[in-house]
Amino acid sequence: MNAPHPSPPAQGREAAELKVLIAAPRGFCAGVDRAIRIVELALRKYGAPVYVRHEIVHNRYVVDSLKAMGAIFVESLDQVPDGVPVVFSAHGVPKAVPAKAELRGLDYIDATCPLVSKVHRQAERAHDAGRHIVFVGHAGHPEVVGTLGQLPDGAMTLVESVDDVAALAPSDPAMLSYLTQTTLSVDDTRDIISALQHRFPAISGPRGEDICYATSNRQDAVKAIAGQCDRMIVIGAPNSSNSLRLVEVAERLGTPAHLVQRGSDIDPAWLEDIATLGITAGASAPETLVREVIDAVAAVRTVVEDVVVTAEEHMIFKLPRGLEAA
């Protein structure tokens with residue numbers, strides 16, 4: 001735990017000091033950092049514009065910053081003109097997307113997080129072994145769409161809850177495997193996997209957890225501080241799965257939690273009559289937004305900051321070939 005240090009006092013306020021516990025790890029993970037770097041290097045190599053299919057990561061500040069550099073974000077490959085490069089987002093894409101890009105002769109760069117790509121490879125191996133795959137995830141999330149799109153239709157069944165497990169009716173219960181989205185609640189996923197193993201004792205799973213290290217670490221960091229806090233603020237986008245899970249983790253521990261995107265989202269009423277505030281950030285939120293939120297809090301209350309470190313992260317993912325020199 002780092003030594004506390006006070007922020008400048010709020011103008012004209014005599015309120016008691018507000019202790020702010022700042023979770024660590026928080027913010028960018030290695031996959032997000034790599035994806036953003038890929039867009040930046042593609043712009044440097046090819047020049048603007050560089051097209052990006054879907055938000056490169058789920059954060060409006062990051063997307064707007066890359067737009068200002070010349071990135072153009074689209075939802076479909078049909079929106080990408082001929083002759084320009086396109087980047088696939090960190091969430092991954094169905095196999096049909098790069099296949100279509102190749103048919104059109106487009107230069108494409110895959111920024112899929114390597115931990116998501118690992119799940120894709122696991123799905124292919126299980127399918128090749130003749131197993132039907134039960135995939136644990138949130139319907140409609142880009143990562144889920146991309147993973148389901150690695151295999152032919154019908155090769156995977158999506159489940160979102162323990163109730164979904166109870167409704168499964170596989171044709172061969174002895175030939176099942178399960179995989180999971182990388183940004184789920186660790187606790188929820190554990191319950192779903194337990195239900196799967198109880199119903200289908202022969203089901204096989206990955207050697208290690210599919211939930212990524214960054215998601216687990218950020219949830220553990222919230223668990224470490226939430227019990228000491230009167231309220232939690234999570235910095236992240238409303239479509240960010242891992243950020244939403246951080247809100248849920250805090251609230252399950254009995255701590256009211258709010259998801260915000262910017263410092264301007266802070267409601268001064270949240271800061272009334274509390275002694276300790278917890279702050280964390282989802283894996284797509286840059287540290288500059290953490291500082292912005294703390295400054296917004298310090299404009300209302302006199303803040304004493306304390307960083308609570310529960311894990312150290314040193315993961316670095318290699319860039320795609322052809323971009324290293326850029």
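Starting from 1, each residue takes its place in the sequence as its number. Model, not experiment: these values are computed from the prediction.
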D267 atom CG, over 12 foreign heavy atoms within 6.0 Å: yes
Heavy atoms from other residues, nucleotides or ligands near CG of D172 exceed 12 (cutoff 6.0 Å): yes
Derivation and outcome, salt bridge (Lys or Arg N to Asp or Glu O under 4.0 Å), residues D188 and R245: CA-CA 10 Å; D188 283 349; R245 304 295 79 78; 5.7 Å; no
Minimal non-hydrogen separation, [X] against [Y], with atom names:
| X | Y | result |
| --- | --- | --- |
| D210 | T180 | OD2-N, 3.0 Å |
| R53 | L77 | NE-N, 4.4 Å |
| S241 | Q181 | OG-NE2, 3.5 Å |
| T112 | V93 | OG1-N, 4.3 Å |
| M232 | A250 | CG-CB, 3.8 Å |
| P94 | P98 | O-CD, 3.2 Å |

In one Ile/Leu/Val/Met/Phe/Trp/Tyr side-chain cluster, 4.5 Å: [X], [Y]:
| X | Y | value |
| --- | --- | --- |
| L106 | I56 | no |
| L289 | V20 | yes |
| I72 | I36 | no |
| F88 | F73 | no |

Steps toward salt bridge (Lys or Arg N to Asp or Glu O under 4.0 Å) verdict (K223, D187): CA-CA 11 Å; K223 290 175 182 177; D187 296 331; 3.2 Å; yes
Side-chain donor or acceptor of N217 paired with backbone N/O of P25 under 3.5 Å: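 Pair absent, no side-chain N/O of N217 close to backbone of P25.
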Could you grab the distance from atom [atom1] of [X] to atom [atom2] of [Y], nearest 0.5 Å is fine?
| X | Y | atom1 | atom2 | answer |
| --- | --- | --- | --- | --- |
| D107 | K45 | CG | NZ | 8.0 Å |
| R121 | K118 | CZ | NZ | 8.5 Å |
| R104 | D82 | CZ | CG | 4.5 Å |
| T310 | R218 | OG1 | CZ | 9.5 Å |
| L246 | I233 | CG | CD1 | 13.5 Å |

Mutual orientation of the aromatic rings belonging to Y213 and F317 [parallel < 30°, tilted 30-60°, perpendicular > 60°]: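 If you compare the ring of Y213 with that of F317, the planes turn out perpendicular.
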Donor + acceptor pair across side chains of E248, S185 (<3.5 Å):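 The criterion, which ignores hydrogens and geometry beyond distance, is not satisfied for S185 and E248.
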